[in-house]
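Shown next, in structure tokens, is the structure this report addresses.
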Number of protein chains: 2
Amino acid sequence: MSDLLGRLRGRGWRMTAQRRVVAEVLDGEHVHLTADEVHARAVAKLPEISRATVYNTLGELVSLGEVLEVSTDKRAKRYDPNAHRPHHHLVCAQCGAIRDVHPTGNPLADLPDSERFGFTVSDVEMTYRGLCPNCSTA
Amino acid sequence: MSDLLGRLRGRGWRMTAQRRVVAEVLDGEHVHLTADEVHARAVAKLPEISRATVYNTLGELVSLGEVLEVSTDKRAKRYDPNAHRPHHHLVCAQCGAIRDVHPTGNPLADLPDSERFGFTVSDVEMTYRGLCPNCSTA
DNA sequence: GCTTGACTTAGACAAGGTCCATTGTAGGAT
DNA sequence: ATCCTACAATGGACCTTGTCTAAGTCAAGC
Ligand SMILES: [Mn+2]
Ligand SMILES: [Mn+2]
Ligand SMILES: [Zn+2]
Ligand SMILES: [Zn+2]
């Protein structure tokens, strides 16, 4: 994701220390942090960054399509930098661990016309649930 | 759902005006109300019912397996009385309308071992998104 | 009709998230 | 290099959703 900053600059995004830090925190695979987790990690790198700025920056990254909002639990939204490859999620029902997954098949084709109620269906979001290796041995 | 009350009484549930009203509000097909929507409709039938009682009653109905919690958006949880037939949801991205749907196929089988990361996968939840007839003509 | 433990209530509290007036600054203009 | 200003950051008030508690109420069994 190191060209994320370049891409953003190219779109006229004003570069600030705060935005750089938020983008850094979101770098990586299988990253699904809550806003407050992002804030905590950002504070470690830039102590004076505010909660409002983290929320603002996350919202902008989502609008720009660089980060996805994910709601695997009913608590806080999670922010996912893996926006370029469509994927679904596998969640541990006990500890909340989240992995990106890529099922085979075309779930859109599995929704018959009679089950579409006249909707124009454009997308489907799947959340697999189970126990992670750690939690299932316990 | 008229035998819901009977079933609950059979399980030793003390019957009160408040619980009866909440159960009545939740009767029907494609019903997915938030707690505060349930409260508003309950107040119309029983003006003195409190918010806390609605939350308590919904929580009990969920524990008893008579109502499901659904999180199709990132806002409030929704309560779904269609707990006896497994199903998924189709949501209008614009107005939020929700329909129950029954896709064909077995999505669990579509998750290869290599995409399970050692998890014991037991369940999958699908949310289809699109535009309802009303919103797509606009 | 009593009694009593379960139920209900109002309101305080908490977490997640938004909004706003003020202050600060990135980056183009000179 | 300095100035300007539109855009960004800040802290704190505020909102929404949901939980908790102490005190009052009542369904249901005797
Ligand atoms: Mn992801
Ligand atoms: Mn449903
Ligand atoms: Zn786990
Ligand atoms: Zn609609």
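Quick note on labels: first sequence line is chain A, next is B, and so on, each numbered from 1.
Protein atom CG of B:Leu33 is 13 Å distant from nucleotide atom P of D:dG18, rounded to whole Å. Going from atom CZ of B:Arg19 over to atom P of D:dA28 covers 10 Å, rounded to whole Å. In this structure, B:Lys74 atom NZ and C:dT18 atom C1' are separated by 16 Å, rounded to whole Å. Here C:dG17 presents its C1' atom at 14 Å from CG of B:Asp73, a figure rounded to the nearest Å. Atom pair A:Lys77:NZ and D:dT16:C1' shows a separation of 12 Å (rounding to whole Å applied). Here the C1' atom of nucleotide C:dG11 and the NE2 atom of B:His39 are 13 Å apart, to the nearest Å.
The existence of a salt bridge linking A:Asp100 and A:Arg85 is excluded, since no basic side-chain nitrogen approaches an acidic carboxylate oxygen closer than 4.0 Å.
Side-chain proximity of A:Ser50 to the nucleotides C:dG16, C:dT8, D:dG11 is greatest for D:dG11. Distances were taken from every side-chain heavy atom of A:Gln18 (C-beta onward) to each of D:dG11, D:dA9, D:dT17; the shortest belongs to D:dA9.
The side-chain contact (heavy atoms from CB on, under 4.5 Å) test with B:Val38 is passed by exactly one of B:Ile49, B:Thr57, B:Val22: B:Val22. With respect to A:Arg99, the side chain to side chain donor-acceptor pair (under 3.5 Å) criterion is satisfied by exactly one of A:His89, A:Glu29, A:His32, A:His30: A:His30.
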| query | In B/S/- notation, 5' to 3', how is nucleotides 25-30 of chain C contacted by protein heavy atoms closer than 4.0 Å? | reply | BBS---
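The phosphate of C:dG16 has OP1 or OP2 within less than 4.0 Å of a side-chain N or O from A:Arg75. A close approach under 4.0 Å does not occur between any side-chain nitrogen or oxygen of B:Tyr55 and OP1 or OP2 of D:dT19.
Both B:Ala52 and A:Glu60 lie near DNA chain D, and the one whose nearest nucleotide falls closer to the 5' end is A:Glu60.
A:Leu26 and A:Leu68 fall into different hydrophobic clusters, defined by Ile, Leu, Val, Met, Phe, Trp and Tyr side-chain heavy atoms under 4.5 Å apart, directly or through other members. Hydrophobic clustering of Ile, Leu, Val, Met, Phe, Trp and Tyr side chains at less than 4.5 Å, counting indirect connections, unites B:Val67 with B:Leu8.
Side-chain contact between B:Val121 and B:Leu108 is present, with heavy atoms from C-beta onward closer than 4.5 Å.
A:Ala76 comes within 4.0 angstrom of the backbone, heavy atoms only, and of no base.
No hydrogens or angles were tested; on distance alone, a donor-acceptor pair under 3.5 Å links the side chain of A:Arg51 to the base of C:dG17.
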